[in-house]
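The structure appears right after this line, and notes come after that.
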There are 2 protein chains.
Amino acid sequence: MPNRTPSRVPARKEQAKSPIQVIGRMMRLLDLLAEHPEPLGLKQIAQYTGLHPSTAHRILNAMAADRMVDRVEPGSYRLGMRLLELGNLVKSRISVRELALPAMRELHAQTGETVNLSVRHDDEIVYVERTSSGRSAMRVVHVVGARAALHITSAGKLFLLEEGFAKVREYAKRTGLVPHTKNSIASVTLLERDLARIQRQGWATDNEETELGVRCVAAAIRDDGGHLIAALSLSTPTERMKPHWGPLVKAAADKISHAIGHVPGVRIGTH
Amino acid sequence: MPNRTPSRVPARKEQAKSPIQVIGRMMRLLDLLAEHPEPLGLKQIAQYTGLHPSTAHRILNAMAADRMVDRVEPGSYRLGMRLLELGNLVKSRISVRELALPAMRELHAQTGETVNLSVRHDDEIVYVERTSSGRSAMRVVHVVGARAALHITSAGKLFLLEEGFAKVREYAKRTGLVPHTKNSIASVTLLERDLARIQRQGWATDNEETELGVRCVAAAIRDDGGHLIAALSLSTPTERMKPHWGPLVKAAADKISHAIGHVPGVRIGTH
DNA sequence: TCGCGGCGTTTCACATCATGAGATAGAATC
DNA sequence: GATTCTATCTCATGATGTGAAACGCCGCGA
């Protein structure tokens with residue numbers, strides 16, 4: 001197909017993925033504007049995207065009419081307010097629980113162990129969802145709605161770490177770090193050391209700290225703003241816990257984060 | 001009426017605002033998906049938008065390829081993740097937001113009422129951020145991204161005042177000062193009188209002019225050039241509004257302006 | 001088991017619609 | 001005031017999106 005663009009810079013090969021050219025071009029324009037925080041002039045836009053200035057102008061105008069892009073001044077464009085509205089709409093419709101379930105089932109199928117989803121509520125974590133089967137007679141069951149202190153659960157430790165060490169000391173003073181078993185972490189120093197290790201390895205553990213004979217691994221679930229909103233955890237009888245399940249839980253949690261819209265490295269808003 | 005598409009119903013007159021039909025149709029699809037939280041089937045989409053099923057399908061596919069819409073299962077569509085990403089980008093580029101949040105939270109803590117941050121966009125104000133809690137069952141909630149006319153909101157009046165009385169008359173002529181409630185200011189004379197009062201006292205009010213039963217107070221947020229860039233407002237049910245909250249909102253707005261780099265008296269650049 | 005109806009998807013000849021070279025307008029620079 | 005940038009508009013051209021119809025798939029009921 002003889003695409004008779006003069007000796008214009010090739011820029012990039014016309015991507016064939018879009019069944020409709022105009023929409024593909026629209027996306028290239030949005031991509032470009034997304035990459036540049038400052039408003040761009042029509043000339044640059046045309047050059048970067050490889051579109052004819054006339055074409056770029058026409059499409060940008062159409063988008064501006066629907067507030068998808070903002071024409072800040074003649075010939076100067078940036079991403080528009082409509083995107084903010086639609087984005088918030090998408091966000092408001094996300095349910096962590098629903099999006100987490102497939103990955104939870106998969107993790108459960110791989111391990112055969114109980115998988116929990118929990119969120120923070122004050123100084124405790126609350127179990128929000130669970131997948132377990134009758135495959136094994138002996139299994140760890142947390143009732144949905146049950147709660148537990150932050151410092152004695154793998155999921156809780158993730159929330160403590162998120163707040164930073166200053167707040168951890170406040171938490172310790174406030175609650176007194178009441179131990180539940182002989183393995184529970186009862187000193188701030190040990191807790192901080194444990195949190196540092198969690199930060200390094202990417203997932204948290206609970207070595208019979210909530211209940212003797214029960215071990216857990218947990219990993220963080222983050223939203224589009226990079227904020228910790230939930231924790232995915234795996235609970236097993238001590239003797240059945242496998243070392244490689246840590247990364248496995250981490251991977252499942254990352255998959256859920258991705259489904260929610262999390263992009264590693266992105267952090268918006270001030271907590 | 002049988003759904004047989006032969007006697008094609010116009011559904012709605014093709015809106016002529018988009019210079020490119022495909023983009024206009026895309027917007028209609030996005031609008032429809034925005035209105036419906038649950039995923040929609042192709043058949044319904046085609047019916048609601050008046051598009052041919054084949055056309056709707058083709059456009060939706062193109063959008064799905066770029067993740068603007070999400071094809072949750074064959075023939076079932078909803079708004080896509082890309083919108084969340086782009087929306088966050090837009091949001092992150094409104095820097096006032098971040099700097100305003102601490103003061104907004106403080107003001108919220110002092111009053112217990114909903115605090116809004118808004119900016120001007122054309123002849124409307126757009127709500128950019130909100131702090132509200134579940135402390136009180138009854139509260140005033142503006143959706144982030146929502147818009148409202150300038151002359152019926154306390155925040156909007158600040159922007160009108162900023163432009164001077166000459167431009168206010170232009171605005172009045174342009175928009176017709178459409179009233180929203182029986183309290184809305186619908187005459188230029190009254191509007192000018194209100195603006196003069198706002199200028200004297202340093203903050204703006206909205207006495208059930210947007211919605212009956214709701215009152216607001218707003219104050220200006222200015223950048224280092226002395227330009228009005230945003231407005232901080234407090235919305236309450238009429239009976240809960242306290243007279244001393246005016247100065248309080250003004251003080252909070254001034255604090256934000258200071259954080260941005262505003263120095264009272266400084267005014268640079270044009271207009 | 002077979003046939004039927006509904007739905008999403010794909011196809012393809014047609015003509016509508018987006019295209020881009022060029023003209024125009026407007027703003028900055030020399 | 002001439003020059004040279006832009007952004008915007010115009011319009012003949014044919015590439016490109018259109019939609020009726022055909023296809024394939026599934027579930028339902030006979």
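Rounded to 10°, the helix from C:dT1-D:dA30 to C:dC30-D:dG1 has 30° between the axis fitted to its first five pairs and the one fitted to its last five.
Side-chain N/O atoms of A:Q21 include none lying less than 4.0 angstrom from OP1 or OP2 on C:dA18. The side chain of B:T55 contributes no N or O atom lying less than 4.0 Å from OP1 or OP2 of D:dT18. Of the side-chain N and O atoms in B:R25, none sit less than 4.0 angstrom from OP1 or OP2 of D:dG17. Side-chain nitrogen and oxygen atoms of B:R58 include at least one within less than 4.0 Å of the OP1 or OP2 phosphate oxygen of D:dT18.
With sequence neighbours excluded, the residues satisfying side chain to side chain contact (heavy atoms under 4.5 Å, CB included) with B:A186 are B:P179. Scored by the salt bridge (charged side-chain N to carboxylate O under 4.0 Å, His left out) test, A:R222 finds A:E162 as partners (sequence neighbours excluded). Every residue two or more places apart in sequence or in another chain that forms a side chain to side chain contact (heavy atoms under 4.5 Å, CB included) with B:R193 is listed here: B:T189, B:L190.
Expressed to the nearest 0.5 Å, how far CE of B:M26 lies from CG of B:L51 amounts to 12.5 Å. The distance from atom OG1 of A:T114 to atom CE of A:M104, rounded to the nearest 0.5 Å, is 10.0 Å. Between A:N116 atom CG and A:S235 atom OG the span is 4.5 Å, to the nearest 0.5 Å. Here the CD1-OG distance, from B:I125 to B:S233, works out to 6.5 Å after rounding to the nearest 0.5 Å.
B:L60 has its CG atom 13 Å from the C1' atom of C:dT9, to the nearest Å. The distance between atom CE of A:M26 and atom C1' of D:dG17, rounded to the nearest whole Å, is 16 Å. Across the protein-nucleic acid pair, B:I59 atom CD1 and C:dT9 atom C1' stand 15 Å apart, rounded to whole Å. When rounded to the nearest whole Å, the span between CG of A:L51 and C1' of C:dA18 equals 12 Å. One interatomic measurement links the two molecules: CG of A:N61 to P of D:dT10, which rounds to 12 Å at whole-angstrom precision. To the nearest angstrom, P of C:dC17 lies 15 Å from CD1 of A:I23. For the pair A:I20 CD1 and C:dA18 C1', the computed distance is 12 Å after rounding to whole Å. Counting to the nearest Å, the C1' atom of C:dA28 and the CD atom of A:E73 are 13 Å from each other.
For the salt bridge (Lys or Arg N to Asp or Glu O under 4.0 Å) test with B:E192, the passing option among B:K167, B:R169, B:R197 is B:R169; the others fail.
Ion pairing between B:R93 and A:E38 fails under the 4.0 Å rule for side-chain N and carboxylate O. Ion pairing between B:K157 and B:E209 holds under the 4.0 Å rule for side-chain N and carboxylate O.
Residue-environment remark: NE2 (B:H36) exceeds the threshold of 12 foreign heavy atoms within 6.0 Å.
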With salt bridge (Lys or Arg N to Asp or Glu O under 4.0 Å) as the criterion, how do A:R82 and A:D66 come out once you've worked through the C-alpha distance, each side chain's angles and the decisive distance to 0.1 Å? CA-CA 7 Å; A:R82 185 103 239 265; A:D66 293 288; over 6 Å; no
Between the protein and nucleotides 4-7 of chain D, are there any N/O to N/O pairs under 3.5 Å, and if so, what are the atom names and distances?
unit_1: D:dT6; atom_1: OP1; unit_2: A:K43; atom_2: NZ; d: 2.3
unit_1: D:dA7; atom_1: OP1; unit_2: A:L42; atom_2: N; d: 2.8
unit_1: D:dA7; atom_1: OP2; unit_2: A:K43; atom_2: N; d: 3.1

What pairs of nitrogen or oxygen atoms, one from the protein and one from nucleotides 21-28 of chain D, lie under 3.5 Å apart?
none

